[in-house]
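The basis for the numbers below is simple: all heavy atoms, side chains too, and nothing from hydrogens, waters or symmetry mates.
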Amino acid sequence: MRKKWIWTIAGVAALYGASILLTGLLARQADASSPRSESTGVMEGAEPFSLGDKDADVAVLFVHGFVGATDNFADVPQRVADLGV
(Lines give C-alpha, C1' and ligand atoms only; values in the text may rest on other atoms or scores of the structure.)
Protein backbone atom coordinates (compact mmCIF):
# COMPACT_ATOMS: atom_id res chain seq x y z
CA MET A 1 0.00 0.00 0.00
CA ARG A 2 2.84 2.37 0.84
CA LYS A 3 4.44 1.95 -2.60
CA LYS A 4 1.16 2.92 -4.22
CA TRP A 5 1.15 6.26 -2.36
CA ILE A 6 4.76 6.93 -3.30
CA TRP A 7 4.02 6.37 -6.98
CA THR A 8 0.90 8.52 -6.74
CA ILE A 9 2.84 11.37 -5.13
CA ALA A 10 5.65 10.99 -7.67
CA GLY A 11 3.15 11.11 -10.54
CA VAL A 12 1.43 14.21 -9.20
CA ALA A 13 4.80 15.91 -8.66
CA ALA A 14 5.88 15.04 -12.21
CA LEU A 15 2.66 16.43 -13.70
CA TYR A 16 2.97 19.60 -11.62
CA GLY A 17 6.59 20.06 -12.67
CA ALA A 18 5.71 19.52 -16.32
CA SER A 19 2.92 22.08 -16.13
CA ILE A 20 5.30 24.65 -14.63
CA LEU A 21 7.85 24.02 -17.38
CA LEU A 22 5.22 24.22 -20.11
CA THR A 23 3.79 27.44 -18.70
CA GLY A 24 7.28 28.95 -18.59
CA LEU A 25 8.01 27.91 -22.16
CA LEU A 26 4.73 29.34 -23.43
CA ALA A 27 5.32 32.59 -21.54
CA ARG A 28 8.84 32.94 -22.98
CA GLN A 29 7.53 32.27 -26.48
CA ALA A 30 4.79 34.89 -26.11
CA ASP A 31 7.27 37.33 -24.58
CA ALA A 32 9.77 36.85 -27.41
CA SER A 33 7.14 37.46 -30.09
CA SER A 34 5.63 40.58 -28.48
CA PRO A 35 6.39 43.97 -30.04
CA ARG A 36 8.62 46.20 -27.90
CA SER A 37 9.32 49.90 -27.60
CA GLU A 38 12.49 50.78 -29.48
CA SER A 39 13.55 53.30 -26.82
CA THR A 40 12.93 51.24 -23.65
CA GLY A 41 12.72 47.61 -24.77
CA VAL A 42 9.51 47.21 -22.73
CA MET A 43 6.68 45.23 -24.33
CA GLU A 44 4.07 47.49 -25.88
CA GLY A 45 1.10 47.75 -23.54
CA ALA A 46 3.19 46.71 -20.53
CA GLU A 47 4.60 50.12 -19.74
CA PRO A 48 4.12 51.38 -16.18
CA PHE A 49 1.40 53.98 -15.69
CA SER A 50 -0.19 55.95 -12.87
CA LEU A 51 -3.82 56.73 -12.17
CA GLY A 52 -5.48 59.02 -9.67
CA ASP A 53 -4.26 61.92 -7.56
CA LYS A 54 -0.49 61.89 -7.00
CA ASP A 55 -1.05 63.61 -3.61
CA ALA A 56 -3.50 60.99 -2.31
CA ASP A 57 -2.89 59.65 1.21
CA VAL A 58 -3.22 56.03 0.05
CA ALA A 59 -1.70 54.26 -2.94
CA VAL A 60 -2.24 50.79 -4.40
CA LEU A 61 0.25 48.80 -6.45
CA PHE A 62 -1.36 46.15 -8.65
CA VAL A 63 0.99 43.27 -9.50
CA HIS A 64 -0.06 40.37 -11.69
CA GLY A 65 1.49 36.91 -11.61
CA PHE A 66 4.36 35.44 -13.60
CA VAL A 67 2.35 34.86 -16.76
CA GLY A 68 -0.04 37.76 -16.17
CA ALA A 69 -1.30 40.15 -18.77
CA THR A 70 -2.18 43.82 -18.94
CA ASP A 71 -5.90 43.07 -18.68
CA ASN A 72 -5.73 40.88 -15.54
CA PHE A 73 -7.34 43.57 -13.39
CA ALA A 74 -9.86 44.79 -16.00
CA ASP A 75 -11.18 48.19 -14.86
CA VAL A 76 -10.38 47.77 -11.15
CA PRO A 77 -7.38 50.17 -11.15
CA GLN A 78 -9.46 52.93 -12.74
CA ARG A 79 -12.32 52.33 -10.28
CA VAL A 80 -9.90 52.54 -7.35
CA ALA A 81 -8.42 55.76 -8.76
CA ASP A 82 -11.93 57.19 -9.16
CA LEU A 83 -12.40 56.63 -5.40
CA GLY A 84 -9.46 58.94 -4.73
CA VAL A 85 -6.73 56.36 -4.13
Side-chain angles (χ1 to χ4, degrees):
M1 186 70 169
R2 189 172 198 168
K3 286 184 179 181
K4 185 177 182 181
W5 278 106
I6 291 172
W7 283 111
T8 301
I9 292 170
V12 169
L15 288 173
Y16 183 68
S19 71
I20 290 172
L21 289 174
L22 181 59
T23 301
L25 290 172
L26 292 173
R28 275 191 227 111
Q29 184 180 27
D31 183 53
S33 65
S34 297
R36 297 181 174 271
S37 165
E38 290 182 25
S39 60
T40 65
V42 175
M43 287 187 336
E44 291 180 8
E47 302 88 357
F49 64 94
S50 297
L51 297 171
D53 182 8
K54 297 202 185 293
D55 295 326
D57 292 333
V58 177
V60 177
L61 174 64
F62 290 91
V63 180
H64 62 69
F66 175 63
V67 292
T70 57
D71 62 351
N72 282 161
F73 301 109
D75 63 343
V76 173
Q78 184 61 56
R79 287 181 176 205
V80 170
D82 292 344
L83 294 172
V85 176

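- Closest of all the heavy-atom pairs between Ala81 and Gly52 is CB-N, 3.7 Å.
- Taking all atoms of both residues into account, the shortest heavy-atom contact from Ala56 to Gly84 is CB-O, 3.5 Å.
- Separating the CD atom in Glu44 from the OG atom in Ser34 is a distance of 9.0 Å, to the nearest 0.5 Å.
- Atom NZ of residue Lys4 and atom CD1 of residue Ile9 lie 12.5 Å apart, to the nearest 0.5 angstrom.
- Atom CZ of Arg36 sits in a crowded spot, with more than 12 heavy atoms from other residues, nucleotides or ligands closer than 6.0 Å.
- Sparse packing is recorded around CG of Asp57, with 12 or fewer heavy atoms of other residues, nucleotides or ligands lying under 6.0 Å away.
- Side-chain heavy-atom separations under 4.5 angstrom define the hydrophobic clusters, and the remaining members of the one that includes Leu61 are Val63.
- For residues 13-58, there are no ring-ring contact (aromatic ring centres under 6.0 Å, His included) pairs, not counting sequence neighbours.
- Taking hydrophobic clusters as Ile, Leu, Val, Met, Phe, Trp and Tyr residues chained together by side-chain heavy-atom distances below 4.5 Å, Val60 shares a cluster with Phe73.
- Cluster annotation: Phe62 and Leu51 are assigned to distinct hydrophobic clusters (Ile/Leu/Val/Met/Phe/Trp/Tyr, side-chain heavy-atom contacts under 4.5 Å, transitive).
- Within 6.0 Å of CD on Glu47 lie more than 12 heavy atoms contributed by other residues, nucleotides or ligands.
- Follow the hydrophobic side-chain contacts under 4.5 Å out from Val58 and you reach Val80 in the same cluster.
- From Leu26, atom CG reaches atom CG of Leu21 across 11.0 Å, with rounding to the nearest 0.5 Å.
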